[in-house]
Amino acid sequence: MNWSDEERRWAQAAAEKIAAKMKPVTERNRDKIPYTAADGVFDDKSTTDINWWTNGFWGGMMWQLYTLTGDSLYRETAVKTEEKLDAVLMDAKGLDHDNGFKWLPTAVAHYRAEKDEASLNRGILAANNLAGRFNLAGRFIRAWNDWGNDDHRGWAIIDCMMNLPLLYWASEETKDPRFEQIARAHADTASRCFVRDDGSVNHIVEFDPVSGEMVRTYGGQGFGVGSSWTRGQSWGLYGFTLSYIHTKDERYLNTARRIAHYYLANIPENGLIPVDFRQPADCQWEDSTSAAIAACGLLELSKYVEEADSRIYRRAAMKLLTALDEKRCSWDPGTDELLERCTAAYHDEAHEFPIIYGDYYFIEAVMKLLEKELFIW
Ligand code: GLY
């Protein structure tokens with residue numbers, strides 16, 4: 001990709017700051033799997049909730065940093081994270097639609113980098129389990145599990161678009177088309193039932209699990225029904241782009257572009273992204289993760305369109321990334337987190353705190369612009 005001199009210069013400067021920050025951060029946290037930070041100190045999901053859906057991102061960061069620097073500290077930390085996740089592979093409660101988020105940045109990244117056989121085994125086990133969640137009547141991959149009185153049998157979520165690459169990878173690796181067939185069936189359903197005419201997306205769609213009929217939508221982690229949760233927009237934008245990259249099916253490219261155009265039209269002047277594009281006007285809550293994920297999606301999308309459109313996508317990605325760099329990154333090596341003001345869900349009690357996948361996708365975006373990325377998805 002012919003990034004501009006300005007894009008390259010920014011990425012080089014950001015990479016130097018990332019390398020200077022992440023070495024002491026990783027030395028302090030090599031035995032943890034962080035999700036968030038309080039007072040500049042990472043928590044550790046490996047001791048409190050090994051099944052947590054974000055537990056692959058720390059490993060993914062480590063693989064990107066190892067690719068950037070060649071420092072074995074990062075490789076060792078990545079491998080340790082991957083091995084800890086074996087407990088999840090042995091726990092039905094830990095396996096769900098997010099198998100891709102857990103094993104693509106860990107086992108599959110390791111396999112792609114070094115052809116490690118144990119990593120191949122982990123990735124294929126995770127892919128088989130993900131494929132087993134496919135609802136044949138509704139042609140969707142179901143979200144979450146039911147272990148109490150909940151009934152999520154017919155629920156699907158836009159986030160799952162980012163898990164489909166585990167299935168595309170499994171088909172490439174095994175030469176068995178079933179995985180890709182399931183991924184494409186889910187992507188077709190998502191394109192039809194999640195993406196609205198204006199390019200905004202629903203977070204949750206409920207189907208009748210027996211007949212497969214679409215029943216209703218939910219606001220999920222966004223403001224409400226019909227609203228536009230910004231991280232969901234980003235998952236859709238990047239997820240459909242990835243389905244295009246893996247299948248070369250132009251319909252997915254067009255869907256990704258519709259979501260991207262809606263996102264572009266809603267980026268505020270200051271480049272900082274709210275939790276929901278349709279949240280009340282007096283609400284100022286932000287979600288920096290949405291910006292970082294969307295930037296990655298836009299940079300990928302810019303590679304597959306003509307030059308005039310490519311420039312528009314790249315300019316938007318740079319607006320998001322430079323706003324994060326200048327206003328929402330903690331470059332102090334004494335604090336563990338990189339991105340500030342991330343939000344998990346609009347109706348949660350807490351808002352605007354560090355979240356590990358914000359850090360991961362910011363680093364991934366910089367690696368794309370440097371053309372040094374270990375392709376994870
Ligand atoms: N996949 C869940 C989230 O984005 O919060």
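Predicted model, so just to flag it, every value in this text is computed and none were measured. For reference, positions follow the sequence shown, starting with 1. Order of appearance sets the numbers: ligands from 1, and atoms from 1 within every ligand.
- Considering backbone and side-chain atoms together, Gln221 places an N or O closer than 3.5 Å to an N or O of ligand 1.
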Legend entry - Arg142 vs Asp146, salt bridge (charged side-chain N to carboxylate O under 4.0 Å, His left out): CA-CA, chis, key distance, verdict: CA-CA 11 Å; Arg142 79 157 273 185; Asp146 296 327; 3.5 Å; yes
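- The closest protein non-hydrogen atom to atom 5 (O) of ligand 1 is Arg231 NH2, 2.6 Å.
- The distance criterion of under 3.5 Å between nitrogen or oxygen atoms is not met by Trp53 with respect to ligand 1.
- Near Asp159, meaning under 4.0 Å from any of its heavy atoms, are these atoms of ligand 1: 1 (N), 2 (C), 3 (C), 4 (O).
- At least one cation-pi condition fails for Arg192 and Phe194: the charged atom is not both under 6.0 angstrom from the six-membered ring centre and inside a 45 degree cone around its axis.
- The CG atom of Asn99 sits 9.0 Å away from atom CG of Leu167, with the distance rounded to the nearest 0.5 Å.
- Atoms of ligand 1 lying under 4.0 Å from any heavy atom of Tyr357, numbered from 1 in the order shown and given with element: 5 (O).
- Qualifying side-chain contact (heavy atoms from CB on, under 4.5 Å) partners for Ala107, counting only residues two or more places apart in sequence or in other chains: Glu82, Trp103, Ser119, Arg122.
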Legend entry - Verdict with reasoning, Trp63 to Tyr74, per ring-ring contact (aromatic ring centres under 6.0 Å, His included): CA-CA 7 Å; Trp63 281 115; Tyr74 299 121; over 10 Å; no
